[in-house]
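Numbering of ligands and ligand atoms starts at 1, following listing order.
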Amino acid sequence: MSIQSNLNTIKAGLPENVTLVAVSKTKPVSDLMQAYEAGQRIFGENKIQEMTEKWEQMPKDIQWHMIGHVQSNKVKFMAPFVSLIHGVDSLKLLQEINKQALKNNRTIDCLLQMYIAEEESKFGLDENELNELLTSSAFKELKNIRILGLMGMATFTEDQNQIKKEFTHLKSIFDSIQTLQTENCELNTISMGMSGDYQLAIECGSTMVRIGSSIFGGR
Ligand SMILES: *Cc1c(COP(=O)(O)O)cnc(C)c1O
């Protein structure tokens, strides 16, 4: 199957309110250009250097999403162009993103990554940390970032009930913070679902799916 036909098949099955992020990490620019020529404009990468190199080489109407774990000292490299940062998991990181956004005279959209899996290795906030962050005065001072919602990754398992439980949990957290909207917090996005579980994620309320291998092939 070609990248174009993979994309078309996936897009045909997505509800209108669900945004597709084409996860292109490790893939060459020539593969991304095939997706671009098929109409895809949102690409997800998990390494800042790789994303920056691709941004330099590719058309400028692409929206670049950072879906990986972000180190504070590398935010400056993507601050001029990144469209959405999915993996924000601390106030400290948000403050650095705000600082670099200000330097670039722009506002950077972010999602807060929640820890929903039963795995030691996954990053993210728990519910208490989320509430603490969103209600802190330090957060309200950040004028050059905007929180659009939450991101989460389910446990890597075949157990559909387990995955469903975790996605449903993320949706319920999202619903519970709707009262915390402020000027820099407009909650309208739940980023959950990858190649193996995106249909289930959509059933559970996802509005943004991050799909790599089902579009570009295995890595
Ligand atoms: C790699 C990656 C994806 C895409 O995974 P696939 O299984 O290839 O669709 C989605 N989200 C994150 C955070 C990733 O790192």
Would you mind listing each N/O atom of ligand 1 next to any protein N/O under 3.5 Å, plus the distance?
residue: ligand 1; atom: 8 (O); partner: Ser213; partner atom: N; Å: 2.8
residue: ligand 1; atom: 8 (O); partner: Ser213; partner atom: OG; Å: 3.0
residue: ligand 1; atom: 8 (O); partner: Arg219; partner atom: NH1; Å: 2.8
residue: ligand 1; atom: 8 (O); partner: Arg219; partner atom: NH2; Å: 3.0
residue: ligand 1; atom: 9 (O); partner: Ser195; partner atom: N; Å: 3.0
residue: ligand 1; atom: 9 (O); partner: Ser195; partner atom: OG; Å: 2.5
residue: ligand 1; atom: 9 (O); partner: Gly212; partner atom: N; Å: 2.8
residue: ligand 1; atom: 11 (N); partner: Arg210; partner atom: NE; Å: 2.8
residue: ligand 1; atom: 15 (O); partner: Lys25; partner atom: NZ; Å: 2.7

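Ser2 and Gln34 share no donor-acceptor pair across their side chains, judged by distance under 3.5 Å alone. Under 3.5 Å, the side chains of Glu53 and Gln57 contain no donor-acceptor pair of N or O atoms.
Relative orientation of the His69 and Phe123 rings is parallel, given thresholds of 30° and 60° on the angle between their planes. Relative ring orientation between His65 and His86 is described as tilted, the plane-to-plane angle lying within the 30° to 60° band.
The number of heavy-atom neighbours closer than 6.0 Å to CD of Gln49, taken from other residues, nucleotides and ligands shown, is 12 or below.
Applying the salt bridge (charged side-chain N to carboxylate O under 4.0 Å, His left out) test to residues at least two apart or on different chains, the pairs with a partner in residues 167-191 are Arg146-Glu186, Lys171-Asp175.
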